[in-house]
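To keep things clear, I will list the structure first and then write my remarks on it.
Note that this is a predicted model, so its numbers are computed, not measured.
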Amino acid sequence: QVQLLESGGGSVQAGGSLRLSCAASGGIFGSYAVGWFRQAPGKKREFVAAISRDDARIYYADFLRGRFTISRADARDTAYLQMNNLKPEDTAVYYCAARRQSFLGTDVAGVDYWGQGTQVTVSS
(Lines give C-alpha, C1' and ligand atoms only; values in the text may rest on other atoms or scores of the structure.)
Protein backbone atom coordinates (compact mmCIF):
# COMPACT_ATOMS: atom_id res chain seq x y z
CA GLN A 1 0.00 0.00 0.00
CA VAL A 2 1.44 3.35 -1.00
CA GLN A 3 1.44 6.42 1.22
CA LEU A 4 1.40 9.89 -0.33
CA LEU A 5 2.70 13.09 1.25
CA GLU A 6 2.20 16.47 -0.37
CA SER A 7 4.34 19.54 0.17
CA GLY A 8 4.93 22.91 -1.44
CA GLY A 9 1.64 24.65 -0.72
CA GLY A 10 1.51 28.18 0.61
CA SER A 11 0.20 31.68 0.07
CA VAL A 12 0.98 33.68 -3.06
CA GLN A 13 -0.38 36.69 -4.87
CA ALA A 14 -2.28 36.38 -8.12
CA GLY A 15 0.08 35.76 -11.00
CA GLY A 16 2.56 33.92 -8.82
CA SER A 17 3.76 30.33 -8.99
CA LEU A 18 4.02 27.33 -6.72
CA ARG A 19 5.38 23.83 -7.19
CA LEU A 20 3.66 21.04 -5.33
CA SER A 21 5.41 17.77 -4.64
CA CYS A 22 3.94 14.37 -3.82
CA ALA A 23 6.36 11.94 -2.20
CA ALA A 24 5.34 8.30 -2.22
CA SER A 25 6.43 5.50 0.06
CA GLY A 26 5.46 1.91 0.74
CA GLY A 27 4.94 0.85 -2.84
CA ILE A 28 6.46 0.69 -6.30
CA PHE A 29 5.71 4.23 -7.42
CA GLY A 30 6.22 3.44 -11.08
CA SER A 31 3.33 0.98 -11.02
CA TYR A 32 0.78 3.68 -10.16
CA ALA A 33 -0.95 6.32 -12.21
CA VAL A 34 -0.82 9.57 -10.24
CA GLY A 35 -2.55 12.89 -10.30
CA TRP A 36 -3.87 15.91 -8.45
CA PHE A 37 -7.29 16.95 -7.29
CA ARG A 38 -8.35 20.03 -5.37
CA GLN A 39 -11.15 21.03 -3.05
CA ALA A 40 -12.19 24.58 -2.28
CA PRO A 41 -14.30 25.43 0.80
CA GLY A 42 -17.90 24.39 0.28
CA LYS A 43 -17.19 22.70 -3.04
CA LYS A 44 -16.71 19.15 -4.23
CA ARG A 45 -13.27 17.73 -4.83
CA GLU A 46 -12.38 18.22 -8.49
CA PHE A 47 -9.86 16.80 -10.90
CA VAL A 48 -6.83 18.93 -11.80
CA ALA A 49 -4.27 16.82 -13.67
CA ALA A 50 -3.05 13.24 -14.08
CA ILE A 51 -0.19 11.31 -15.60
CA SER A 52 -0.19 7.65 -16.53
CA ARG A 53 2.28 5.22 -15.00
CA ASP A 54 4.36 5.06 -18.17
CA ASP A 55 4.27 8.82 -18.83
CA ALA A 56 2.50 8.13 -22.11
CA ARG A 57 -0.63 10.05 -21.24
CA ILE A 58 -1.04 13.38 -19.48
CA TYR A 59 -4.31 15.20 -19.15
CA TYR A 60 -5.62 18.31 -17.46
CA ALA A 61 -8.87 19.84 -16.41
CA ASP A 62 -10.20 22.19 -19.07
CA PHE A 63 -10.29 25.20 -16.76
CA LEU A 64 -6.49 25.20 -16.35
CA ARG A 65 -5.86 26.58 -19.85
CA GLY A 66 -2.20 25.57 -19.83
CA ARG A 67 -1.24 27.15 -16.51
CA PHE A 68 -0.33 23.94 -14.67
CA THR A 69 2.12 21.16 -15.57
CA ILE A 70 2.18 17.69 -14.04
CA SER A 71 5.27 15.49 -14.06
CA ARG A 72 6.72 12.50 -12.26
CA ALA A 73 10.17 11.27 -11.33
CA ASP A 74 9.85 7.58 -10.58
CA ALA A 75 13.49 7.31 -9.51
CA ARG A 76 12.62 9.73 -6.68
CA ASP A 77 9.14 8.27 -6.03
CA THR A 78 7.78 11.77 -6.50
CA ALA A 79 5.18 13.56 -8.60
CA TYR A 80 4.99 17.29 -9.15
CA LEU A 81 2.48 19.95 -10.06
CA GLN A 82 3.96 23.18 -11.34
CA MET A 83 1.36 25.94 -11.05
CA ASN A 84 1.92 29.22 -12.87
CA ASN A 85 -0.15 32.38 -13.23
CA LEU A 86 -2.16 31.46 -10.17
CA LYS A 87 -5.57 33.03 -9.69
CA PRO A 88 -7.67 33.55 -6.56
CA GLU A 89 -10.07 30.86 -7.78
CA ASP A 90 -7.19 28.36 -7.55
CA THR A 91 -7.37 28.64 -3.76
CA ALA A 92 -8.04 25.16 -2.41
CA VAL A 93 -6.55 22.16 -0.67
CA TYR A 94 -4.64 20.18 -3.27
CA TYR A 95 -4.54 16.41 -2.94
CA CYS A 96 -2.19 13.93 -4.52
CA ALA A 97 -3.89 10.77 -5.78
CA ALA A 98 -2.74 7.38 -7.00
CA ARG A 99 -4.33 4.39 -8.66
CA ARG A 100 -3.04 0.86 -9.28
CA GLN A 101 -3.87 1.14 -12.97
CA SER A 102 -2.35 2.65 -16.07
CA PHE A 103 -4.64 5.68 -15.94
CA LEU A 104 -5.95 7.63 -13.00
CA GLY A 105 -9.14 9.00 -14.54
CA THR A 106 -10.88 12.20 -13.54
CA ASP A 107 -13.37 10.80 -11.05
CA VAL A 108 -12.61 10.74 -7.32
CA ALA A 109 -14.23 7.31 -7.18
CA GLY A 110 -11.39 5.88 -9.25
CA VAL A 111 -8.67 6.86 -6.81
CA ASP A 112 -7.12 4.14 -4.66
CA TYR A 113 -4.89 6.32 -2.45
CA TRP A 114 -5.00 9.92 -1.27
CA GLY A 115 -2.51 12.21 0.38
CA GLN A 116 -3.50 14.41 3.30
CA GLY A 117 -3.58 17.57 1.17
CA THR A 118 -1.67 20.84 1.07
CA GLN A 119 -3.26 24.29 1.23
CA VAL A 120 -2.80 26.75 -1.63
CA THR A 121 -4.05 30.28 -1.08
CA VAL A 122 -3.95 32.91 -3.83
CA SER A 123 -4.70 36.52 -2.96
CA SER A 124 -5.77 39.19 -5.40
Side-chain angles (χ1 to χ4, degrees):
Q1 179 170 337
V2 68
Q3 291 84 45
L4 306 172
L5 182 63
E6 302 95 334
S7 62
S11 297
V12 296
Q13 291 190 328
S17 298
L18 284 173
R19 188 193 195 200
L20 305 184
S21 297
C22 172
S25 61
I28 301 174
F29 187 64
S31 64
Y32 294 87
V34 295
W36 295 87
F37 288 72
R38 70 185 187 184
Q39 188 166 16
K43 295 187 176 181
K44 293 182 179 180
R45 193 169 298 188
E46 64 178 357
F47 170 77
V48 175
I51 183 168
S52 65
R53 63 185 178 190
D54 58 1
D55 288 356
R57 183 176 175 185
I58 294 175
Y59 42 106
Y60 300 95
D62 291 339
F63 60 78
L64 290 180
R65 297 180 183 271
R67 297 184 296 119
F68 292 7
T69 302
I70 188 172
S71 62
R72 63 188 296 164
D74 290 351
R76 303 191 196 100
D77 292 338
T78 305
Y80 304 96
L81 185 68
Q82 176 67 42
M83 306 187 295
N84 298 326
N85 191 22
L86 283 161
K87 303 176 180 181
E89 52 263 42
D90 294 319
T91 295
V93 177
Y94 283 72
Y95 295 91
C96 182
R99 187 183 186 194
R100 296 183 306 268
Q101 301 290 337
S102 295
F103 306 113
L104 180 64
T106 61
D107 191 341
V108 295
V111 175
D112 292 324
Y113 304 103
W114 293 99
Q116 87 292 344
T118 185
Q119 177 70 47
V120 171
T121 303
V122 185
S123 58
S124 58

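A distance below 6.0 Å separates the ring centres of Y59 and F47.
Both V120 and L81 belong to a single network of hydrophobic side chains, linked directly or stepwise wherever heavy atoms of I, L, V, M, F, W or Y lie under 4.5 Å apart. If you chain together hydrophobic residues whose side chains sit under 4.5 Å apart, F37 and Y113 never meet in one group. Residues I70 and F103 are members of separate hydrophobic clusters, defined by side-chain heavy-atom contacts under 4.5 angstrom among Ile, Leu, Val, Met, Phe, Trp and Tyr. Hydrophobic clustering keeps F68 apart from Y80 (ILVMFWY residues linked when any side-chain heavy atoms are closer than 4.5 Å, directly or through intermediates). Residue V111 is not grouped with residue V48 when hydrophobic side chains (ILVMFWY) are merged at heavy-atom distances under 4.5 angstrom, including chains of intermediate members.
The shortest non-hydrogen separation linking A92 to A40 is CB-N, 3.8 Å. V2 and A98 get closest at one heavy-atom pair: CG1-CB, 4.5 Å. S17 and N84 get closest at one heavy-atom pair: OG-OD1, 3.0 Å. The two residues S102 and A33 have their closest heavy-atom pair at O-CB, 3.4 Å. Taking every heavy atom of both residues into account, P88 and S123 meet most closely at CG-C, 4.4 Å. Across all their heavy atoms, D90 and R67 have their closest contact at OD2-NH1, 2.7 Å.
Under a 3.5 Å cut-off, the side chain of R72 and the backbone N or O of S52 do form a donor-acceptor pair. A donor-acceptor pair under 3.5 Å links the side-chain atoms of E6 to the main chain of G117, judged by distance alone. Between the side chain of Q3 and the backbone N or O of Q1 there is at least one donor-acceptor pair closer than 3.5 Å.
You'll find the side chain of V34 stays beyond 4.5 Å of the side chain of L104, heavy atoms only. Under the 4.5 Å side-chain criterion, counting only non-hydrogen atoms from C-beta, Q119 is in contact with T91. When side chains are defined from C-beta on, K87 does not count as touching F63, because their heavy atoms never get closer than 4.5 Å. Inter-residue side-chain proximity for T106 and Y60 is flagged as unmet; no heavy-atom pair is nearer than 4.5 Å. Side chains of M83 and V12 form no contact here, defined as non-hydrogen atoms less than 4.5 Å apart.
In the model, R53 has no side-chain atom that pairs as donor or acceptor with a side-chain atom of Y32 under 3.5 Å.
Between Q82 atom CD and S21 atom OG the span is 9.5 Å, to the nearest 0.5 Å. Note that CG of L20 and OG1 of T78 are 12.5 Å apart. Values are rounded to the nearest 0.5 Å. Between the CD atom in E46 and the CD atom in Q39 there is a gap of 9.5 Å [rounded to 0.5 Å].
Screening W36, Y94, Y95 for a side chain to side chain contact (heavy atoms under 4.5 Å, CB included) with C22, the sole residue that qualifies is W36.
Heavy atoms of other residues, nucleotides or ligands lying less than 6.0 angstrom from CG of D54 number more than 12. Environment of CD1 in I28: sparse, with no more than 12 heavy atoms of neighbouring residues, nucleotides or ligands closer than 6.0 Å.
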